[in-house]
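Just follow the structure's listing: the first ligand is 1, and inside any ligand the first atom is 1. The figures here come from the full heavy-atom set of this structure, side chains too, leaving out hydrogens, waters and symmetry mates. If you're wondering where the values come from, they're calculated on a predicted model, not measured in any experiment. FYI, the numbering just counts along the sequence from 1.
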Amino acid sequence: MIAIDGPSAAGKGTVAHALARKLRWHFLDSGALYRILALAALQRGIPLQQGSQVAALVPDLDIRFDPGDDDRDRIWVNGQDLTTAVRAETAGRQASQIAADPAVRAALLQRQRAFRQAPGLVADGRDMGTVVFPDACLKVFLDASPEERARRRHRQLRMAGIEAKMPALCEEIRERDVRDRNRPHSPLVAAPDAVVLDTTGFPADTVLSRIEALLTGPTDRLPRKAASGETDRKDSV
Ligand code: CDP
């Protein structure tokens with residue numbers, strides 16, 4: 001079990017997906033589950049602030065991820081291809097609104113854990129290493145400066161044919177950071193035994209190699225269980 005957490009647009013999705021592919025392991029894009037749930041709530045006219053009503057929708061959602069041609073899976077919900085809607089920036093913002101609600105987080109917990117199947121799982125999110133899979137054998141917290149993350153998001157959206165303005169993207173990323181880091185339930189924080197990698201200025205394949213080295217390298221490069229109060233390891237890639 002490998003947990004990859006970090007803030008918005010830190011490159012987790014690209015790196016975690018590529019790692020799962022290389023290892024031939026399963027892949028969990030936990031953010032997509034929050035996005036899908038937010039979209040499902042809005043489709044049914046449920047306000048996003050109504051956490052318990054939103055959470056109650058989870059058992060009705062039949063969600064399938066199908067490997068696509070690119071580095072992202074196609075997403076099917078109750079037989080409908082929702083890939084484009086789920087990947088849109090608005091869905092990310094809506095996901096971050098419902099994600100602050102403890103009822104929503106609890107409703108999605110088992111769904112996420114069910115992805116853990118042989119031979120292994122690479123999970124990407126905000127609380128994979130802290131809450132959902134605290135016993136993961138490798139926990140990585142990927143970070144990058146907000147400006148770099150806005151540039152990456154801009155490039156990613158452009159490749160998907162979506163135009164976005166850099167100042168607005170920067171603002172959006174900062175807002176999402178504040179909301180994700182300061183919520184009382186499962187805030188975005190590195191697990192005490194996570195390896196923290198600052199990926200600013202490094203392309204995805206360099207980050208991927210670094211994580212692979214953590215998997216195969218000598219034991220002193222593997223994450224240790226930190227004694228309480230011990231500070232995180234923080235490396236640049
Ligand atoms: O792609 P990006 O990193 O911007 O977003 P995402 O991973 O799809 O997640 C969208 C939102 O869902 C995040 O801003 C979080 O608020 C929330 N989320 C969460 O709370 N816990 C997770 N494990 C995954 C996502």
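The proximity of R176 to ligand 1, defined as any non-hydrogen pair under 4.0 Å, is limited to the side chain. Counting heavy atoms under 4.0 Å from ligand 1, residue A10 does not touch it at all. Heavy atoms of R179 found under 4.0 angstrom from ligand 1: none, in either backbone or side chain.
Remark: E172 engages R176 in a salt bridge, criterion side-chain N to carboxylate O under 4.0 Å.
The only option from E147, E148, E171, E89 that meets the salt bridge (Lys or Arg N to Asp or Glu O under 4.0 Å) definition with R153 turns out to be E89.
The backbone N or O of A100 lies less than 3.5 Å from no partner atom in the side chain of R183, so there is not a single donor-acceptor pair.
Near A95, the atoms of ligand 1 lying under 4.0 angstrom from a non-hydrogen atom of the residue are 10 (C), 11 (C), 12 (O).
For the pair D180 and ligand 1, the shortest N or O to N or O distance falls below 3.5 Å. Ligand 1 has no nitrogen or oxygen under 3.5 angstrom from a nitrogen or oxygen of Y34. Here's the thing with D124: none of its N/O atoms is less than 3.5 angstrom from an N/O atom of ligand 1.
Under a hydrophobic-cluster definition in which Ile, Leu, Val, Met, Phe, Trp and Tyr are linked whenever side-chain heavy atoms come within less than 4.5 Å, directly or via other members, F133 and L138 are assigned to different clusters.
Using modelled atom types, one finds a donor on one side chain and an acceptor on the other under 3.5 Å when comparing D73 with H17.
Of the candidates R181, R126, H185, R126 brings a heavy atom nearest to atom 13 (C) of ligand 1. With distances taken over non-hydrogen atoms, the option nearest atom 6 (P) of ligand 1 out of M128, R35, E172 is R35.
S30 contributes atom OG, which lies 11.0 Å from atom CG of L109 (distance to the nearest 0.5 angstrom).
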